[in-house]
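None of the values given here were measured: they were computed from a predicted structure.
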Amino acid sequence: MTEFAAVKAALKTQAVETPSWAYGNSGTRFKVFAQPGVPRTPQEKLDDAAKVHEFTGAAPTVALHIPWDRVDDYAALAKHAEDRGLKLGAINSNTFQDDDYRLGSVCHPDAAVRRKAVGHLLECVDIMDATGSKDLKLWFADGTNYPGQDDLRERQDRLAEALTQVYARLGDHQRMLLEYKFFEPAFYATDVPDWGTAYAHCLKLGPKAQVVVDTGHHAPGTNIEFIVATLLREDKLGAFDFNSRFYADDDLMVGAADPFQLFRIMYEVIRGGGFTPDVAFMLDQCHNIEAKIPAIIRSVMNVQEATAKALLVDRAALAEAQRGGDVLAANAVVMDAYNTDVRPLLAEVRAELGLDPDPVAAYHRSGWAERIAAERVGGQQAGWGA
């Protein structure tokens, strides 16, 4: 098999999970800008997600967020997805939009509040059972704003106790994915602030607990690809939340701020054996000012382009240069792959899969945007908190 044939074969297996909440309205601390045609129900979110998969061929699953996507019949929701060529993916919990969680959720000093939070997490596992989802994704806004506000060590003990209860509830083929974020909304101490804290808890819990790397959840200058390489080496990388940041957790389109970083991350994924279904590639983005569906299509394409370039790295030549201590030659191998225009290659991949070579143009020609703007009139548009 030629080099390009092998790369094309690998790209045809790639899957990127899209988030249900990205199809709804979102915004900044100051304003949420509504758009025409935005879904009003979880079912309509899936209808839009099906369009992303239809034109990319690479987005077969959709992550849900509870309670934003709460329904009476989750089996029926899974069937709705299946009828549109999709499956339901990770179940994301929400322990940050209730008044009781002002001082935290699973780390709250009040045991009653902690029980409430754990109850919600256990509800999410029940939903996993009903939908066939294998991943429970946990992100906690828990933390403190001021020195002395609470005992830092005790908060870690409370977190460990909660995670242990939820871990024990998981089925044989289910996983707990623990996400970290170094600040916001807590400004003094965040309870899961970095990959080391997440890793430590997952290591104690067992093999069904793994770490989520959100590419926007790091301090400026952080070497994210090093984190990825280390977690893969320890068999503890479970998933990505792909997005971009300029300043903080901006949740911009993946690859928009630093496409070279995305390429470097994807190279470490491939180098470390993480280009498998065991490492979930998920988007976690907010499309505040741009049209939702074409932005998500573009995001999937950005991941594909970074992956294609990473697959083109001549690993034999790179290893030879590294062994010989040839700094410039080693860097040149990496840069040659990054500077390759892979768009024609991906157009060929799509054509071979029976897809339009230009997914964004195909979407615009489909008339879906005009249709949903005309049909989705009345009701309450989905968005943060809905």
Side-chain angles (χ1 to χ4, degrees), residues 17 63 89-93 95-96 104-108 114 117-118 120-122 124-125 128 133-144 150-183 186 189-219 222-242 265-266 268-282 284:
E17 184 163 301
I91 304 300
N92 291 254
S93 62
T95 55
F96 52 86
S105 61
V106 295
C107 300
H108 198 286
R114 298 200 299 272
V118 170
H120 169 66
L121 303 184
L122 295 175
C124 288
V125 182
M128 293 169 66
S133 302
K134 74 170 186 176
D135 290 336
L136 171 67
K137 188 141 69 69
L138 305 178
W139 173 72
F140 299 107
D142 293 40
T144 58
D150 201 356
D151 188 287
L152 298 180
R153 179 162 177 165
E154 283 189 12
R155 291 182 73 90
Q156 289 297 308
D157 291 340
R158 298 167 198 158
L159 172 62
E161 181 181 0
L163 293 177
T164 299
Q165 293 179 59
V166 179
Y167 187 89
R169 170 66 181 79
L170 295 174
D172 291 339
H173 302 292
Q174 295 174 337
R175 302 188 300 177
M176 172 189 293
L177 302 177
L178 182 58
E179 189 173 349
Y180 59 90
K181 184 177 182 180
F182 81 107
F183 88 106
T190 301
D191 290 313
V192 191
D194 52 39
W195 71 274
T197 305
Y199 171 76
H201 281 284
C202 289
L203 188 63
K204 284 189 176 181
L205 288 166
K208 292 187 289 186
Q210 293 187 301
V211 179
V212 177
V213 174
D214 184 306
T215 51
H217 285 190
H218 302 85
T222 300
N223 190 319
I224 299 175
E225 56 267 33
F226 173 82
I227 298 170
V228 170
T230 302
L231 289 173
L232 281 170
R233 184 173 180 269
E234 299 298 325
D235 195 27
K236 278 297 181 182
L237 179 63
F240 285 97
D241 272 0
F242 282 130
I265 290 170
M266 289 310 306
E268 291 301 334
V269 169
I270 293 163
R271 163 66 180 84
F275 193 59
T276 73
D278 291 333
V279 177
F281 297 160
M282 298 184 270
D284 182 10

How many angstroms lie between atom [atom1] of [X] and atom [atom2] of [Y], to the nearest 0.5 angstrom?
| X | Y | atom1 | atom2 | value |
| --- | --- | --- | --- | --- |
| Arg114 | Gln165 | CZ | CD | 9.5 Å |
| Asp135 | Met176 | CG | CE | 11.5 Å |
| Leu152 | Thr144 | CG | OG1 | 5.5 Å |
| Asn223 | Ile265 | CG | CD1 | 9.0 Å |
| Leu205 | Tyr167 | CG | OH | 6.5 Å |
| Leu231 | Leu237 | CG | CG | 5.5 Å |

Side chains of Thr95 and His120: closer than 4.5 Å at any heavy-atom pair?
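Counting from C-beta outward, Thr95 and His120 do come under 4.5 Å.
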Measuring only between side-chain heavy atoms, which start at C-beta, is Leu163 closer than 4.5 Å to Val106?
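Sidechains of Val106 and Leu163: no contact.
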What residue pairs, at least two apart or across chains, pass salt bridge (Lys or Arg N to Asp or Glu O under 4.0 Å) with a residue in residues 190-199?
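Salt bridge (Lys or Arg N to Asp or Glu O under 4.0 Å) check on residues 190-199 returns Arg155-Asp191.
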[X] versus [Y], closest heavy-atom pair with distance:
| X | Y | result |
| --- | --- | --- |
| Thr197 | Gln156 | CG2-OE1, 3.8 Å |
| Ala186 | Thr190 | O-OG1, 3.6 Å |
| Glu268 | Val228 | CB-CG1, 4.2 Å |

For [Y], does its backbone N or O pair with a side-chain atom of [X] as donor and acceptor, under 3.5 Å?
| X | Y | result |
| --- | --- | --- |
| Lys208 | Gln174 | no |
| Glu17 | Ala90 | yes |
| Thr164 | Ala160 | yes |
| Ser133 | Gly89 | yes |

Audit row: Met128, Leu136, side chain to side chain contact (heavy atoms under 4.5 Å, CB included) steps and yes/no
CA-CA 8 Å; Met128 293 169 66; Leu136 171 67; 3.4 Å; yes
Aromatic plane relationship, Trp139 with His217 - under 30° parallel, 30 to 60° tilted, over 60° perpendicular
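Because their plane-to-plane angle lies in the 30° to 60° range, the rings of His217 and Trp139 count as tilted.
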Which label fits Tyr180 and His218: parallel for a plane angle under 30°, tilted from 30 to 60°, or perpendicular past 60°?
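Perpendicular.
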Run the side chain to side chain contact (heavy atoms under 4.5 Å, CB included) test on Leu159 and Val192 for me, step by step, so that the C-alpha distance in whole Å, both residues' side-chain angles and the decisive distance to 0.1 Å come before the verdict.
CA-CA 9 Å; Leu159 172 62; Val192 191; 3.6 Å; yes
By side-chain contact (heavy atoms from CB on, under 4.5 Å) - contacts of Phe182 (at least two apart)
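Ala219.
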Applying side-chain contact (heavy atoms from CB on, under 4.5 Å), name anything that partners Ala239, two or more places apart in sequence or on another chain.
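For Ala239, the residues satisfying side-chain contact (heavy atoms from CB on, under 4.5 Å) (neighbours in sequence not counted) are Leu177, Val212, Ala280, Met282.
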Taking it one step at a time, do Thr215 and Asp284 satisfy side chain to side chain contact (heavy atoms under 4.5 Å, CB included)?
CA-CA 9 Å; Thr215 51; Asp284 182 10; over 6 Å; no
Who passes ring-ring contact (aromatic ring centres under 6.0 Å, His included) against Phe140, sequence neighbours left out?
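By the ring-ring contact (aromatic ring centres under 6.0 Å, His included) rule, Phe140 matches no residue at all.
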Please list, chain by chain and in numerical order, all residues satisfying ring-ring contact (aromatic ring centres under 6.0 Å, His included) with His201, sequence neighbours excluded.
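With neighbours one apart ignored, the set is empty.
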Pairwise side chain to side chain donor-acceptor pair (under 3.5 Å) hits with a residue in residues 226-235, at least two apart:
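Counting only pairs at least two positions apart or across chains, the side chain to side chain donor-acceptor pair (under 3.5 Å) contacts touching residues 226-235 are Tyr199-Glu234.
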Test side chain to side chain contact (heavy atoms under 4.5 Å, CB included) on Val279 and Phe240; report intermediate values, then the result.
CA-CA 7 Å; Val279 177; Phe240 285 97; 4.0 Å; yes
Worked verdict on Arg158 versus Asp151 for salt bridge (charged side-chain N to carboxylate O under 4.0 Å, His left out):
CA-CA 11 Å; Arg158 298 167 198 158; Asp151 188 287; over 6 Å; no
Is it the case that more than 12 heavy atoms not belonging to Arg271 sit under 6.0 Å from its CZ atom?
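No, the 6.0 Å shell around CZ holds no more than 12 heavy atoms from other groups.
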Flag if over 12 foreign heavy atoms under 6.0 Å of CZ, Phe226:
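Incorrect, the count does not exceed 12.
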Modelled atom types, side-chain donor and acceptor of Asp142 and Ser105, under 3.5 Å:
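There is such a pair between these side chains.
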